[in-house]
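Working notes for the structure below.
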Amino acid sequence: MAEETSIEAWIWGAKATTGSMTITSVEFYSSVISANPGEEALMSGLTNYHKNGENWETTGYTPNYRVNEATGAAYYGVDWSGENCQNYSDVEGYKAIRIYSDGSNTPRALFFNSSANGQQAFNFTWNNAKGYYELLLSDVFASVNNYKLISIRPASGTSSSISGIYMVEEKPIYDYVISGNGVKTASVTAALTDATATCVDATGLTNTSAIALESVNPNCLFVANAGKLSNTKNVIVDNVCANLELTDGQPYKAPVAFTATNAKFTKKVSDAGYATMMIPFGADKPTGVEAYNLTAVNGETITSSSVDAIAANSPVMIKATAGDYEFTASNVSIAATANGEVTNGLLNGGYATMTAAADANNYVLQNNANGVNFYLVTETAATVKPFRAYLKASGAGARALNLDLGETTGIETVKKADMTTAVYSLSGQRVAAPQKGLYIVNGKKVIVK
């Protein structure tokens, strides 16, 4: 990635004496700490092929990889002649190619085409905000259906000033890769102020004294070598994190499996007294907290079962008075975070922001005039924050589903034969012939037996 390489001077012990300044010492730093998007890999790491007769070999061929090229020769080139392409690089599994440049000359990539033309050219698109040219490989493969890159060269004239050519990986493990030693560049600042960043590879740091690299996302994990980072939490060294501290509602992703010597997750329960949650480690329930698996729907009521402890990566329903609760564990194994949502019974949880689409199956926990219930997502999709869950109940059909957590305190119980006034469902619809379940009568919740 393109980086500023200016030398910063730090002036120490300066003092003014009778209109002049005496400088006692000056230090110059030419080294920098830089950050690259974690989805990028240097093109020089590609698998390259050479044709020997009718066979394609992966040995005996190194592409001509060039930066800051002053002529019209290839930035990344191989020997080719018309239809008889003798060398190529395999870009299968990548989604784009990026060239960090001054933007003065559009690059062009040549791909081997099995048609009579032999090769086909594709121009890169300039991204002024990011400072790079990019070629989406989906556009390429739609035309050539082929992963064989022959060369990259200027579309015309002499080449631009290039600082790097990168492949963009389909499934990056890290959000950013930070490396180097010295002054922190703008790219590091951008990485650390990215609220969506969840994991950073800092194993490329070469500093001799520990430094702090803390993200605005309190759940961001840093993988580093011993003695490089002074952060007191969420640093993984040799597959061990001394202190894992996670906060509800912020994104999280473990890039690799590791052991947490001490793990803590803080959950806030509102005045509603109910909440959903999912955590990446097993933990006992704090004092005052009840936890439940939501298992099925019976009419307009959700059935549940109590759990004695919180299982790792398993969304549950909790009940507690308003306040902050800490779920803790020691010497626990943390699995690499799986992509997508995780299901436990009726609950779908995740560590990234989720979207519950507006359809007949999705319900979100809400506290409104009809009480704390799971309400159907209608018209507009609902956003569910990380470490939480929404409910999916196929065929339920109700606009609201009541929580039956085995407690009826404050809820009256009546028989159908005793019903003499208007009865409403939890979603506010009048019910002419109530069956067994929970209803609203005279503004109160009533269980009909």
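Numbers here simply count residues along the sequence, with the first being 1.
Using a 30° and 60° split on the angle between ring planes, Phe111 and Phe122 fall in the perpendicular class, above 60°.
We find the NZ-CG distance between Lys148 and Leu110 to be 15.0 Å, quoted to the nearest 0.5 Å. Note that CG of Asn373 and CD1 of Ile302 are 8.0 Å apart. Values are rounded to the nearest 0.5 Å. In this structure, the separation between CH2 on Trp126 and OG on Ser101 is 5.5 Å, given to the nearest 0.5 Å. The CE atom of Met43 sits 7.0 Å away from atom OG of Ser89, with the distance rounded to the nearest 0.5 Å. The structure places CG of Leu403 at 4.5 Å from CE of Met317, a figure rounded to the nearest 0.5 Å. Taking CG from Asn127 and CD1 from Ile99, the interatomic distance works out to 13.5 Å, rounded to the nearest 0.5 Å.
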Start with the C-alpha distance between Tyr49 and Tyr88, add both sets of side-chain angles, then the distance that settles ring-ring contact (aromatic ring centres under 6.0 Å, His included), and finish with yes or no.
CA-CA 5 Å; Tyr49 292 84; Tyr88 73 86; 5.2 Å; yes
Derivation of the side-chain contact (heavy atoms from CB on, under 4.5 Å) call for Tyr76 and Ile97:
CA-CA 12 Å; Tyr76 182 86; Ile97 304 174; over 6 Å; no
Would you check, one step at a time, whether the test salt bridge (Lys or Arg N to Asp or Glu O under 4.0 Å) holds for Glu326 with Lys264?
CA-CA 6 Å; Glu326 292 183 354; Lys264 179 175 70 175; 3.8 Å; yes
Between Asp248 and Arg388, is the salt bridge (Lys or Arg N to Asp or Glu O under 4.0 Å) condition met? List the steps.
CA-CA 8 Å; Asp248 182 36; Arg388 303 179 190 180; 3.1 Å; yes
Quick one, Ile334 with Cys241, criterion side-chain contact (heavy atoms from CB on, under 4.5 Å). Give me CA distance, side-chain angles, the key distance, then yes/no.
CA-CA 10 Å; Ile334 309 293; Cys241 178; over 6 Å; no
Give the intermediate values and the outcome of side-chain contact (heavy atoms from CB on, under 4.5 Å) for residues Val183 and Ile33.
CA-CA 6 Å; Val183 178; Ile33 302 174; over 6 Å; no
Apply the test side-chain contact (heavy atoms from CB on, under 4.5 Å) to residues Glu169 and Tyr94: give CA-CA distance (whole Å), side-chain angles for both, the deciding distance (0.1 Å), then the verdict.
CA-CA 5 Å; Glu169 297 179 294; Tyr94 294 93; 3.6 Å; yes
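More than 12 heavy atoms of other residues, nucleotides or ligands sit less than 6.0 Å from atom CG of Asp324. Counting non-hydrogen atoms of other residues, nucleotides and ligands closer than 6.0 Å to CG of Leu136 gives a total above 12. Counting heavy atoms of neighbouring residues, nucleotides and ligands inside a 6.0 Å radius, atom CG of Asn339 does not exceed 12 of them.
Residues Asn207 and Leu205 meet the side-chain proximity criterion, which asks for heavy atoms closer than 4.5 Å. Counting only heavy atoms from C-beta outward, the side chains of Pro280 and Leu246 approach each other to under 4.5 Å. A 4.5 Å side-chain heavy-atom check between Tyr147 and Leu137 finds every atom pair outside the cut-off. Using a 4.5 Å cut-off on side-chain heavy atoms (C-beta onward), Val168 and Glu39 make contact. Side-chain contact between Thr353 and Val384 is absent, with no heavy atoms from C-beta onward closer than 4.5 Å. Residues Val140 and Leu135 meet the side-chain proximity criterion, which asks for heavy atoms closer than 4.5 Å. Lys285 is listed as a side-chain neighbour of Ile310, based on a closest heavy-atom distance under 4.5 Å. Here the side chains of Pro154 and Thr106 are not in contact, with every heavy-atom distance at 4.5 Å or above.
A donor-acceptor pair is defined here as one N or O able to donate and one able to accept, closer than 3.5 Å; such a pair exists between the side chain of Ser187 and the backbone of Ala35. Between the side chain of Asn362 and the backbone N or O of Lys392 there is no donor-acceptor pair closer than 3.5 Å. Judged by distance alone, the side chain of Asn217 and the main-chain N or O of Ala197 form a donor-acceptor pair under 3.5 Å. Counting only distance, with no hydrogens or angles, the side chain of Tyr351 and the backbone of Ile279 share a donor-acceptor pair below 3.5 Å. Judged by distance alone, the side chain of Ser304 and the main-chain N or O of Leu294 form no donor-acceptor pair under 3.5 Å.
Taking all atoms of both residues into account, the shortest heavy-atom contact from Gln250 to Pro386 is O-CB, 3.3 Å. Between Ala389 and Pro315 the shortest heavy-atom distance is CB-CB, 3.9 Å. The two atoms that bring Pro251 and Ala195 nearest to each other are CG-O, 3.7 Å, heavy atoms only. Heavy atoms only, all atoms of each residue included: Lys267 and Thr276 are closest at NZ-O, 2.9 Å. The shortest heavy-atom contact between Leu401 and Gly299 is CD2-O, 4.2 Å. Shown here for Ala224 and Leu229, the closest heavy-atom pair between the two residues is CB-CD1, 3.8 Å.
Under the 3.5 Å distance criterion, with hydrogens and angles disregarded, a donor-acceptor pair is assigned to the side chains of Thr303 and Thr295. Side chains of Tyr292 and Glu290: a donor-acceptor N/O pair is present below 3.5 angstrom, by distance only. For the residue pair Ser104 and Asp102, a side-chain donor N or O sits within less than 3.5 Å of a side-chain acceptor on the partner. With hydrogens and angles left out, the side-chain atoms of Asn181 and Thr206 include no donor and acceptor closer than 3.5 Å.
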Determine all donor-acceptor pairs shorter than 3.5 Å in which one atom belongs to a side chain in residues 230-237; sequence neighbours excluded.
unit_1: Ser230; atom_1: OG; unit_2: Ile211; atom_2: O; d: 3.3
unit_1: Ser230; atom_1: OG; unit_2: Ala212; atom_2: N; d: 3.3
unit_1: Asn231; atom_1: OD1; unit_2: Leu213; atom_2: N; d: 3.1
unit_1: Asn231; atom_1: ND2; unit_2: Leu213; atom_2: O; d: 2.7
unit_1: Asn234; atom_1: OD1; unit_2: Glu245; atom_2: N; d: 2.9
unit_1: Asn234; atom_1: ND2; unit_2: Pro218; atom_2: O; d: 2.9
unit_1: Asn234; atom_1: ND2; unit_2: Glu245; atom_2: O; d: 3.2

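In this structure, Tyr100 has its ring center closer than 6.0 angstrom to the ring center of Tyr132. The aromatic ring centres of Tyr363 and Tyr390 sit 6.0 Å or more apart.
Using a cut-off of 4.0 Å between Lys/Arg side-chain N and Asp/Glu carboxylate O, Glu170 and Lys95 are scored as not salt-bridged.
Pairs engaging residues 190-201 under the side-chain hydrogen bond (donor to acceptor under 3.5 Å, both in side chains) rule: Asp175-Thr198, Tyr176-Asp194, Asp194-Thr196, Asp201-Thr203 [sequence neighbours left out].
The only member of Thr247, Asn219, Thr266 that meets side-chain contact (heavy atoms from CB on, under 4.5 Å) when paired with Phe387 is Asn219.
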